[in-house]
Amino acid sequence: MPEIIKNMESAKVQNRRVHMANERTFLAWIRTSIGIMAFGFVVEKFALFMKQMSIVLEKSSIENTIPPSHGYSSIVGIFLVGFGTLMGLLAFVRYKKVERQIDEDTYQPSSVLDLLLLLAVLSVGIFLVIYLIHST
């Protein structure tokens, strides 16, 4: 009988550890989504800063110092903020799904969120390279 109690306590401790690992993973995804949103905010505000600087420099009669902006950075900034928000929501859905699977002892790894992040970072990176080549 004492062996059964020890095994049950060991299973509870192990289950608790797995739940805490799931929570740490969730928090890492949340930090990543906040970072993406912050980067999008900076990109958007930089576009606003560049527009304001071009107005100031035009008033001071310095011509052609800043190349005209096509407005792509505003679109990228808004996209990144939206993507970070979506990623936070998907991270919560994944967290709850894994939590349920841990409780039912039916955990199956899923890489949907990982693939989504990879595709988003890849597409933003390619867009930024094209944008930088186009703007020089």
Side-chain angles (χ1 to χ4, degrees):
M1 182 78 166
E3 293 175 10
I4 295 173
I5 293 173
K6 284 183 182 179
N7 286 341
M8 288 178 66
E9 288 177 7
S10 175
K12 286 182 181 178
V13 169
Q14 185 65 23
N15 198 23
R16 196 175 319 140
R17 288 181 181 160
V18 174
H19 277 292
M20 289 168 44
N22 183 35
E23 189 172 332
R24 285 190 299 271
T25 302
F26 170 65
L27 293 174
W29 279 108
I30 292 298
R31 282 191 303 271
T32 303
S33 67
I34 289 171
I36 290 172
M37 286 188 286
F39 182 62
F41 183 79
V42 167
V43 168
E44 169 62 27
K45 291 302 172 187
F46 185 71
L48 179 63
F49 171 75
M50 291 300 287
K51 288 176 186 175
Q52 289 176 343
M53 286 304 295
S54 66
I55 290 171
V56 167
L57 291 175
E58 283 177 7
K59 288 183 179 178
S60 66
S61 72
I62 299 175
E63 295 180 9
N64 299 325
T65 57
I66 296 179
S69 174
H70 300 289
Y72 296 135
S73 56
S74 295
I75 295 169
V76 170
I78 292 169
F79 170 77
L80 286 172
V81 171
F83 176 69
T85 304
L86 176 66
M87 200 170 85
L89 177 68
L90 292 176
F92 179 73
V93 169
R94 180 181 182 186
Y95 167 73
K96 293 309 263 183
K97 177 182 171 188
V98 170
E99 182 180 49
R100 187 183 70 248
Q101 288 177 345
I102 290 169
D103 287 338
E104 296 171 354
D105 199 27
T106 60
Y107 175 73
Q108 294 292 320
S110 172
S111 59
V112 173
L113 195 59
D114 301 336
L115 183 62
L116 179 64
L117 178 64
L118 173 70
L119 291 175
V121 169
L122 186 66
S123 62
V124 169
I126 290 170
F127 177 79
L128 289 175
V129 166
I130 292 170
Y131 177 70
L132 290 173
I133 290 172
H134 184 271
S135 66
T136 57

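Keep in mind that the numbers below use all heavy atoms, side chains included, and drop hydrogens, waters and symmetry copies.
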Please answer: with hydrophobic residues joined when any side-chain heavy atoms are less than 4.5 Å apart, are Met87 and Phe26 in the same cluster? no
When clusters are formed by joining ILVMFWY residues with side-chain heavy atoms under 4.5 Å apart, either directly or through shared neighbours, do Val43 and Val121 land in the same one? yes
Angle class for the Tyr95/Phe92 ring planes (parallel below 30°, perpendicular above 60°, tilted otherwise)? tilted
ILVMFWY cluster, Phe83 and Trp29 together (side-chain gap under 4.5 Å): yes
Where is the tightest heavy-atom contact between Ser33 and Gly84, given as atom of each residue plus distance? CB-O, 3.1 Å
Starting at CZ of Arg16, measure out to CD1 of Ile102 and round the result to the nearest 0.5 Å. 13.5 Å
Check whether more than 12 heavy atoms from other residues, nucleotides or ligands sit under 6.0 Å from atom OH of Tyr107, and answer yes or no. yes
Is Val76 reachable from Phe39 through a run of I, L, V, M, F, W or Y residues, each pair having side-chain heavy atoms under 4.5 Å apart? yes
CD of Gln108: more than 12 outside heavy atoms within 6.0 angstrom? no
Find the distance between CD1 (Ile30) and OG1 (Thr25) and round it off to the nearest 0.5 Å. 12.0 Å
d(His19 NE2, Asp103 CG) to nearest 0.5 Å is 4.0 Å
With the 4.5 Å side-chain cut-off for hydrophobic clustering, are Ile36 and Phe41 part of the same group? no
Supply the atom-to-atom distance Glu99 CD to Arg94 CZ, rounded to the nearest 0.5 angstrom. 14.0 Å
Determine whether Asp105 and Asn15 make a side-chain contact, defined as any pair of heavy atoms from C-beta on separated by less than 4.5 Å. no
Please round to the nearest 0.5 Å and tell me the distance separating atom CG of Leu80 and atom OG1 of Thr85. 10.5 Å
I need the Lys97 NZ to Gln101 CD distance, nearest 0.5 Å. 5.5 Å
Quick one: list whatever passes side chain to side chain contact (heavy atoms under 4.5 Å, CB included) with Ile78, sequence neighbours left out. Glu44
